[in-house]
> 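Would you mind keeping the following structure in view while I ask a few things?
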There are 2 protein chains.
Amino acid sequence: MDEIVRINSDLPPLRRLPLAGRAGEVYDGILKAVLDHRLMPGMKLSEDEVGAVFGVSRTVVRAALQALAFEGIAEIFPNRGAFVAKPSTETAKQVFEARALIEPELAANAAGRLSPEDLEGLRQHIEREHAALHAENQGEAIALSGAFHIRIAELSGQAVLTGFVRELISQSSLIVALYWTRRETTCESDDHGALMEAFSAGDSALARSVMRDHIERLRDGLDLTDRETRPVSIAEALGRVMA
Amino acid sequence: MDEIVRINSDLPPLRRLPLAGRAGEVYDGILKAVLDHRLMPGMKLSEDEVGAVFGVSRTVVRAALQALAFEGIAEIFPNRGAFVAKPSTETAKQVFEARALIEPELAANAAGRLSPEDLEGLRQHIEREHAALHAENQGEAIALSGAFHIRIAELSGQAVLTGFVRELISQSSLIVALYWTRRETTCESDDHGALMEAFSAGDSALARSVMRDHIERLRDGLDLTDRETRPVSIAEALGRVMA
DNA sequence: AACTTCCAGATTGTATACGATTTGCCGGAT
DNA sequence: ATCCGGCAAATCGTATACAATCTGGAAGTT
């Protein structure tokens with residue numbers, strides 16, 4: 001309770017839009033808990049309970065939950081309540097397909113327009129990633145890795161696509177929580193470092209291909225076999241039972 | 001007042017997530033008004049006023065406005081209120097860049113997996129587009145055109161990217177309201193028909209390139225010169241005055 | 001006359017109360 | 001024992017009331 005959850009303020013925000021008043025704090029708190037894997041996929045987010053935790057009324061909680069739902073972090077079922085999203089393996093595949101389509105393009109665009117300060121900032125960011133890895137701080141490492149991708153998107157100057165990347169990164173954290181296999185724990189293989197080289201050289205084509213390979217490697221670290229595909233609709237569920 | 005605004009129920013939904021209770025109606029009503037160009041960019045969406053129109057309380061209106069904000073249809077300024085979004089020329093460019101990146105890929109994916117029923121549905125859709133064009137029903141034509149793009153995205157089977165396309169299509173309607181030049185009113189040049197041919201042939205590569213050209217043509221029908229770039233931040237505005 | 005201060009109106013932010021819907025249990029009927 | 005109906009608890013949906021904040025103008029000062 002007295003452990004203050006600190007979010008490094010120099011990291012790019014995961015939230016796309018400003019939320020009125022305290023709703024932003026609730027949003028950040030829940031998101032942080034999800035990314036830290038303290039709130040696991042499928043857990044119920046009762047409005048009363050959340051409100052009690054943050055000391056706000058259900059009105060505020062509902063705004064925060066709606067915002068989380070829009071970014072795919074929570075799922076809201078009318079008259080049933082909100083739950084931490086539990087992306088299916090199919091959704092997981094699609095999230096990484098989307099990333100593989102969008103992020104290489106943004107990396108290529110960024111490569112041509114980075115200032116020396118931008119490059120230095122990215123270098124320092126990678127330093128912190130390495131520090132977190134050596135400290136075996138898994139949660140921090142994942143958060144920093146996501147932030148790196150968002151930073152690159154921001155530096156591409158394409159705000160619209162950057163918004164999509166934010167959403168995809170958040171969902172990726174949920175997906176990692178569900179499907180990550182530690183098999184190749186050193187899988188990081190310094191892909192981010194390789195990206196830095198492309199950026200330093202201002203080589204757009206190289207940045208694009210390095211990013212594409214990187215995202216494929218990330219996806220290959222997941223176990224996306226169809227074992228637990230939940231039915232997405234009542235009709236589908238009934239159809240399966242009847243058949 | 002007694003003019004019932006009918007939304008063709010067989011069109012794919014523009015909304016990505018279910019909204020609880022009456023909030024969905026408010027959302028649809030406002031969105032429809034925006035797409036019909038009855039609510040123009042920049043207009044204020046007062047909570048009391050909207051609530052009075054739809055006969056609901058501000059609680060419901062706020063949920064709808066927040067949802068609209070998340071899809072870029074409205075902008076909410078804390079303690080100031082909500083307004084119909086007014087995308088800058090820069091945002092407009094980025095929206096079409098995003099569409100040029102995502103939609104050709106989805107069209108290519110769709111091309112390989114369309115059933116005869118899917119093809120027939122698309123054909124009928126194009127019929128309706130032609131009918132709307134001949135009836136000089138500009139609003140309907142634009143709505144149908146957007147729905148066509150969403151339908152293709154849906155048929156690609158990539159739900160995640162389809163969500164992004166929905167958002168981009170809605171924003172495109174705002175952009176058209178702001179920047180469309182009727183210069184080449186027959187610009188439609190049956191691009192959608194050309195897409196149908198690619199789909200019928202199951203030619204993914206062709207579908208991709210036709211879609212890319214189509215979106216470029218759409219963008220070229222806009223006047224995105226920087227004439228009225230509003231300052232996006234107070235700092236920027238002050239900087240301009242001081243300089 | 002121009003500027004500043006302050007107050008009234010309007011509008012948003014939040015809490016709370018009440019109604020509607022769902023869920024799960026319990027008891028009775030078959 | 002199983003199944004069905006119904007009641008009670010919990011939870012969400014909505015309205016309303018009140019607090020906080022912003023806006024615009026009027027009054028007062030220089």
> In chain order, what residues pass the side chain to side chain donor-acceptor pair (under 3.5 Å) check against B:R99, with sequence neighbours excluded?
B:E103, B:H149, B:S172

> Find every protein N or O atom lying less than 3.5 Å from an N or O atom of nucleotides 6-10 of chain D, and list the pairs.
none

> Give me the atom names and distance for the closest heavy-atom approach of A:L161 to B:L101.
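Smallest heavy-atom distance, with atoms named: CD1-CD2, 4.1 Å.
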
> Ignoring hydrogens and geometry beyond distance, is a side-chain donor-acceptor pair present between B:E90 and B:S88 at under 3.5 Å?
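No, no side-chain donor-acceptor pair sits under 3.5 Å.
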
> Under the side chain to side chain donor-acceptor pair (under 3.5 Å) rule, collect the residues that match up with B:E97, sequence neighbours excluded.
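For B:E97, no residue satisfies side chain to side chain donor-acceptor pair (under 3.5 Å) once neighbours in sequence are set aside.
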
> Identify each atom pair where a protein N or O and an N or O of nucleotides 22-25 of chain C are less than 3.5 Å apart, giving names and distance.
{"unit_1": "C:dT23", "atom_1": "OP1", "unit_2": "A:R80", "atom_2": "NE", "d": "3.1"}

> Write down the distance between CG (A:L19) and P (C:dT14), rounded to a whole number of angstrom.
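Checked: the CG to P distance equals 10 Å.
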
> NZ of A:K44 versus C1' of D:dT11: gap in Å, rounded?
6 Å

> Output all residues satisfying side-chain contact (heavy atoms from CB on, under 4.5 Å) with B:F54, sequence neighbours left out; order by chain, then residue number.
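Listed in chain order: B:V26, B:I30, B:V50, B:V56.
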
> Mind calculating the distance between CZ (A:F77) and C1' (D:dG13) to the nearest angstrom?
18 Å

> Using side-chain contact (heavy atoms from CB on, under 4.5 Å) as the criterion, list what pairs up with B:A33, not counting sequence neighbours.
B:R38, B:L39

> With sequence neighbours excluded, what pairs up with B:D48 under the side chain to side chain donor-acceptor pair (under 3.5 Å) test?
none

> Which of residues 57-69 of chain A sit near DNA chain D, with a heavy atom under 4.0 Å from it?
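Those residues are A:R58, A:R62.
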
> Going by side-chain contact (heavy atoms from CB on, under 4.5 Å), name the residues that satisfy it together with B:T59, two or more places apart in sequence or in a different chain.
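Once residues adjacent in sequence are excluded, the partners of B:T59 under the side-chain contact (heavy atoms from CB on, under 4.5 Å) criterion are B:S57.
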
> Rounded to the Å, how far apart are B:E49 CD and C:dA10 P?
13 Å

> Less than 3.5 Å apart, any donor N or O on the side chain of A:S170 or A:S173 sitting next to an acceptor on the other?
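Note: A:S170 and A:S173 side chains miss the donor-acceptor criterion.
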
> Output the rounded distance in Å from CZ (A:R22) to P (C:dT12).
19 Å

> Pairing donors with acceptors under 3.5 angstrom, does anything connect the side chains of B:S156 and B:Q158?
no

> I'd like to check the side chain to side chain donor-acceptor pair (under 3.5 Å) partners of B:E25; sequence neighbours left out, ordered by chain and number.
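In terms of side chain to side chain donor-acceptor pair (under 3.5 Å), with neighbours along the sequence ignored, B:E25 is linked to no residue.
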
> Expressed in angstrom and rounded to an integer, what is the separation of A:E47 atom CD from D:dT14 atom P?
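Taking atom P of D:dT14 as the reference, CD of A:E47 is at 11 Å.
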
> Salt bridge or not for A:R62 and A:E47, using N-O below 4.0 Å?
yes

> Taking five pairs at each end of the helix from C:dA1-D:dT30 to C:dT30-D:dA1, what angle separates the two helix axes (nearest 10°)?
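Axis angle across the helix from C:dA1-D:dT30 to C:dT30-D:dA1, nearest 10°: 0°.
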
> Excluding sequence neighbours, so at least two apart, what forms side-chain contact (heavy atoms from CB on, under 4.5 Å) with B:A85?
B:E75, B:L174

